[in-house]
Visitor: 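Take a look at this one; I'll ask things after.
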Amino acid sequence: MDVVDASLHAIAFGDPRAAGFVFFAGVVSSIGPCTAPRLVALLALVADAKRPARVTAAFVAGLIATYALFGVAAALVGRLLDLQPYVYAIVSISAIAAGLWQLVRAEGSHACSQIAGGHRAAEPALGAAMLLGASFALVISPCCTPLVVAVVAYASVAGAVHAASLLAAFALGHAVPLALAAASGSRLGRLFAHVANPQAVGIVSGALMLGLGLYYAALA
């Protein structure tokens, strides 16, 4: 079954199963190249985090809250499509800044580990993780646009609250594969830290964020 098509049909006809269909459509649309930048950003955040689950939760909360906001302020979607180059530029600057911070922090943690005799995982600011998740929701990918636009169009008939709940369900489904990948990535990061130079994980994380920033700079 094409869950995206089923979601659009359920939304159009007011089917009570629409939220479930939209959730699974979010899961399906999250598995593909369109969402690779979000995955790279989240993996870079959790790779060296002391409590990766909290960082992931903050990132996902920002993603869900912003999608829900689209349902409340339907005009935002049209404006985002018009302002996409500027959105790319903002995300690019944010990712480059985060990457540089990761590299600086990796060097600092290496110096501290030499003094303390061991590596201490750093904890990214939860507010920063939430803002980064929100910023990636603003980058409406081709995999998500048809369903997001359909829900927003339906908002004029069903009401903004219902549209916001549907988009929140979509974002929650969208976040499930990202969260699972982040959990695996954090475990791999810890394993890598045991067998490699302790600052290597931070350097890899920073390089990923810098690469992501340059990618969006090229799109802008």
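Just so you know, residue 1 is the first one in the sequence shown, and it goes up from there.
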Visitor: To check you understand the geometry: which heavy-atom pair defines the closest contact between Ala25 and Val3, and what is its length?
Guide: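 What the structure gives for the nearest pair is CA-CG2, 3.7 Å.
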Visitor: Look at the side-chain heavy atoms of Ile, Leu, Val, Met, Phe, Trp and Tyr, link any pair under 4.5 Å apart, and say whether Phe23 and Leu180 land in one connected group.
Guide: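 Yes, Phe23 connects to Leu180 through the hydrophobic network.
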Visitor: In Å, rounded to the nearest 0.5 Å, how long is the span from OG1 of Thr66 to CZ of Phe70?
Guide: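 Going from OG1 on Thr66 over to CZ on Phe70, the span is 6.5 Å.
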Visitor: Test side-chain contact (heavy atoms from CB on, under 4.5 Å) on Ile11 and Phe21; report intermediate values, then the result.
Guide: CA-CA 9 Å; Ile11 291 169; Phe21 284 133; over 6 Å; no
Visitor: Measuring from Leu210:CG to Leu100:CG, what's the distance to the nearest 0.5 Å?
Guide: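 It is 5.0 Å, given to the nearest 0.5 Å.
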Visitor: Using modelled atom types and a 3.5 Å cut-off, is there a donor and acceptor pairing between side-chain atoms of Ser30 and backbone atoms of Val27?
Guide: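 Such a contact is absent between Ser30 side chain and Val27 backbone.
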Visitor: Taking all atoms of both residues into account, what is the closest heavy-atom pair of Ala164 and Ala68, and its distance?
Guide: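 What the structure gives for the nearest pair is CB-O, 3.3 Å.
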Visitor: Using the side-chain contact (heavy atoms from CB on, under 4.5 Å) rule, pick out the option among Leu167, Val22, Ile64 that qualifies with Leu172.
Guide: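 Checked Leu167, Val22, Ile64 against Leu172; only one passes side-chain contact (heavy atoms from CB on, under 4.5 Å): Ile64.
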Visitor: Please give me the minimum heavy-atom distance between Val55 and Val46, naming the atom from each residue.
Guide: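 Looking at all heavy atoms of both residues, the closest pair is CG1-CG1, 4.1 Å.
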Visitor: Might you point out which heavy atoms bring Ala171 and Tyr67 nearest each other, and give the distance in Å?
Guide: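 Looking at all heavy atoms of both residues, the shortest contact is CB-CD1, 3.6 Å.
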Visitor: Apply side-chain hydrogen bond (donor to acceptor under 3.5 Å, both in side chains) to Asp5 and list each qualifying residue two or more places apart in sequence or on a separate chain.
Guide: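 In terms of side-chain hydrogen bond (donor to acceptor under 3.5 Å, both in side chains), with neighbours along the sequence ignored, Asp5 is linked to no residue.
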Visitor: According to side-chain hydrogen bond (donor to acceptor under 3.5 Å, both in side chains), does anything in residues 6-26 pair up with another residue at least two apart or in another chain? List the pairs.
Guide: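 Found Asp15-Arg17.
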Visitor: State yes or no: do Phe59 and Leu131 share one hydrophobic cluster built from I, L, V, M, F, W and Y residues joined by side-chain heavy-atom distances below 4.5 Å, directly or via other members?
Guide: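 In one cluster: no.
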